[in-house]
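Read through the structure below, which is laid out as structure tokens, and then see the notes.
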Amino acid sequence: MSVLIFIDSADGHVKKSSFEALTYGAQLAKQLGTSAEGVLLGNVSDDIAALGKYGVSKIHHAANDTFNHVDAQLYTKVIAEAAAATNATVIVISNNLTGKAVAPRLSARMKAGLVSGAVGLPDTTNGFVVRKGVFSGKAFANISVNTATKILAISPNSFSTIAGEGTAEVVAFNPTVDTPKVKVTATNKVTGQVPLSEAELVVSGGRGLKGPENWGMVEELAGLLGAATACSRAVADAHWRPHHEHVGQTGGAIAPNLYVAIGISGAIQHLAGVNRSKVIVVINKDPEAPFFKAADYGIVGDAFEVVPKMIQEVKKLKGVA
Ligand SMILES: Cc1cc2nc3c(=O)[nH]c(=O)nc-3n(C[C@H](O)[C@H](O)[C@H](O)COP(=O)(O)OP(=O)(O)OC[C@H]3O[C@@H](n4cnc5c(N)ncnc54)[C@H](O)[C@@H]3O)c2cc1C
């Protein structure tokens with residue numbers, strides 16, 4: 001019996017969401033009185049043994065270039081093989097894009113109950129009950145998982161990373177690799193930007209910014225803060241910004257430490273994707289804008305006056321000319 005954590009990586013680096021999954025899995029293993037082990041697919045340049053600081057004792061590493069690109073079918077088969085080899089009764093995976101593609105397949109393949117979007121450790125005092133967000137974060141449901149093997153896909157940014165001391169034993173894992181059914185012929189990447197799903201700080205713009213030509217100040221503020229940029233659906237639909245930046249019920253769901261909303265009304269569908277943010281700052285010229293009800297800090301004012309002033313102040317703080 002063990003807890004197996006899937007360690008997701010991209011471009012040769014372990015993703016931040018994996019640190020959360022490792023911490024979660026290690027704490028769960030402690031709770032269950034068992035060991036926590038990780039499985040990492042593909043080649044990474046990071047120090048794999050150092051991931052032991054999150055509490056895993058052993059990492060099974062399949063250092064095979066075939067796994068450098070996510071192939072959900074292949075990943076499912078290989079993670080199931082790792083689960084069998086480690087006698088895993090719980091598999092922990094981040095509910096990021098990879099997790100959303102892999103976890104349901106793994107659940108079907110292993111006949112294992114799946115909780116996608118788990119936000120806390122299970123209550124194991126009477127069964128195995130896991131809390132997850134439902135109705136776009138408006139409520140929580142406690143899901144009782146009764147299958148022998150359980151899969152928990154945890155919501156990114158819902159569980160704090162805890163790093164201690166220690167290193168993990170890294171063991172070679174050589175799963176049987178079938179010829180992939182999917183062949184990646186090209187990858188188009190946005191470089192030099194903080195990926196939205198991993199970002200701790202996000203600066204977002206809405207229709208109040210009037211047009212794509214005014215995004216310079218949003219990008220400048222985001223750049224100074226080291227933040228990712230996002231937008232409302234209205235903005236993406238108008239092709240002012242790319243669709244991958246659109247957050248909300250029909251876009252990405254994010255939970256950064258800081259979400260700055262500029263000229264966004266705060267429609268319920270937008271809030272559904274951002275209401276798990278730790279701190280929300282709203283800039284809107286309409287004091288009645290619904291977003292203010294969800295805000296921790298609000299500035300009633302014209303974005304074209306407020307944002308340049310914010311940029312100046314951040315520059316002063318950072319000592320940038
Ligand atoms: C099924 C469904 C799903 C949807 N999914 C999503 C989703 O995932 N994400 C999403 O965002 N929306 C979604 N929507 C759309 C949503 O209902 C809103 O229409 C949309 O969020 C509005 O975008 P907005 O706030 O940028 O624009 P608007 O509603 O036009 O608001 C613009 C805001 O800017 C303010 N403003 C104007 N000028 C300035 C200025 N100079 N300075 C400061 N503030 C200013 C205004 O006061 C206003 O509050 C969905 C709708 C439906 C029906």
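When a ligand or atom number is given, it counts from 1 through the structure's own listing order.
In this structure, atom 53 (C) of ligand 1 lies nearest to the protein heavy atom Q269 NE2, 3.9 Å. Ranking protein heavy atoms by distance to atom 36 (N) of ligand 1, first place goes to G208 CA, 3.6 Å. Among all protein heavy atoms, the one lying closest to atom 25 (O) of ligand 1 is S265 N, 2.7 Å. At the top of the distance list for atom 5 (N) of ligand 1, counting protein heavy atoms only, stands T250 OG1, 2.7 Å. Closest to atom 48 (C) of ligand 1 among all protein heavy atoms lies N284 ND2, 3.8 Å. The protein atom (non-hydrogen) at minimum distance from atom 24 (P) of ligand 1 is S232 OG, 3.6 Å.
Close approach to D286 involves these atoms of ligand 1, each under 4.0 Å from a residue heavy atom: 47 (O). Ligand 1 places these atoms under 4.0 Å from at least one heavy atom of F304: 41 (N). Contact atoms of ligand 1 toward G251: 8 (O) (distance under 4.0 Å to a heavy atom of the residue). Contact atoms of ligand 1 toward Q249: 7 (C), 8 (O) (distance under 4.0 Å to a heavy atom of the residue). Proximity to A267 (heavy-atom distance under 4.0 Å) selects the following atoms of ligand 1: 16 (C), 17 (O), 18 (C), 21 (O). In the vicinity of G206, heavy-atom distances shorter than 4.0 Å reach the ligand 1 atoms 26 (O). Residue D302 has at least one heavy-atom neighbour below 4.0 Å for each of these atoms of ligand 1: 40 (C), 41 (N), 42 (N). Within the listing of ligand 1, atoms 42 (N), 43 (C) sit less than 4.0 angstrom from a heavy atom of G301.
The nearest protein heavy atom to atom 19 (O) of ligand 1 is not closer than 4.0 Å. The presence of a protein heavy atom under 4.0 Å from atom 50 (C) of ligand 1 is confirmed.
Nearest to atom 10 (C) of ligand 1 by heavy atom, out of R207, K285, K210, R233, is R233.
For ligand 1, the polar-atom distance check against I283 finds no nitrogen or oxygen pair separated by under 3.5 Å. Note: an N/O pair closer than 3.5 Å links G263 and ligand 1 by distance alone. Between V247 and ligand 1, an N or O atom pair is found at a separation short of 3.5 Å.
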Item to complete: Begin from the C-alpha positions of K150 and T89 and carry the test side-chain contact (heavy atoms from CB on, under 4.5 Å) through to its verdict.
Response: CA-CA 6 Å; K150 300 159 180 63; T89 45; over 6 Å; no
Discussion item. Run S94 and D8 through side chain to side chain donor-acceptor pair (under 3.5 Å) and show every step you take.
Written reply: CA-CA 8 Å; S94 174; D8 195 11; over 6 Å; no
Discussion item. Under the criterion salt bridge (charged side-chain N to carboxylate O under 4.0 Å, His left out), I'd like the reasoning laid out for D302 against K285: C-alpha separation, chi angles, the key distance, then a yes or no.
Written reply: CA-CA 5 Å; D302 187 329; K285 69 174 187 185; 5.9 Å; no
Item to complete: Could you please spell out the steps behind the salt bridge (charged side-chain N to carboxylate O under 4.0 Å, His left out) verdict for K278 and E200?
Response: CA-CA 10 Å; K278 309 274 185 309; E200 303 215 343; over 6 Å; no
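Not a single heavy atom of G273 sits under 4.0 Å from any atom of ligand 1. Taking 4.0 Å as the cut-off, C231 does not count as a neighbour of ligand 1 on heavy-atom distance.
The pair K16-E20 counts as a salt bridge, with a side-chain nitrogen and a carboxylate oxygen less than 4.0 angstrom apart. Using a 4.0 Å cut-off between a side-chain N of Lys or Arg and a carboxylate O of Asp or Glu, E81 and R109 do not qualify as a salt bridge. Note on K318 versus E313: no salt bridge recorded, every NZ/NE/NH1/NH2 to OD/OE distance being 4.0 Å or above.
F67 and Y75 have perpendicular rings, their planes meeting at more than 60° on a 0 to 90° scale where under 30° would count as parallel. Taking the six-membered ring where the residue is Trp, F291 and Y259 present tilted rings, their angle falling between 30° and 60°.
Between the side chains of T229 and E245, a donor-acceptor pair is found at a separation under 3.5 Å.
Both the backbone and the side chain of A303 come within contact range of ligand 1, each with a heavy atom under 4.0 Å.
Under the 4.5 Å side-chain heavy-atom criterion for ILVMFWY residues, no single connected hydrophobic cluster contains both I311 and V282.
By the 6.0 Å and 45° rule, K132 does not stack over the aromatic ring of F140.
Minimum heavy-atom separation, A112 to T147: C-OG1, 3.8 Å. Annotation for V14 and D46: closest pair N-OD2, 2.7 Å, computed over non-hydrogen atoms.
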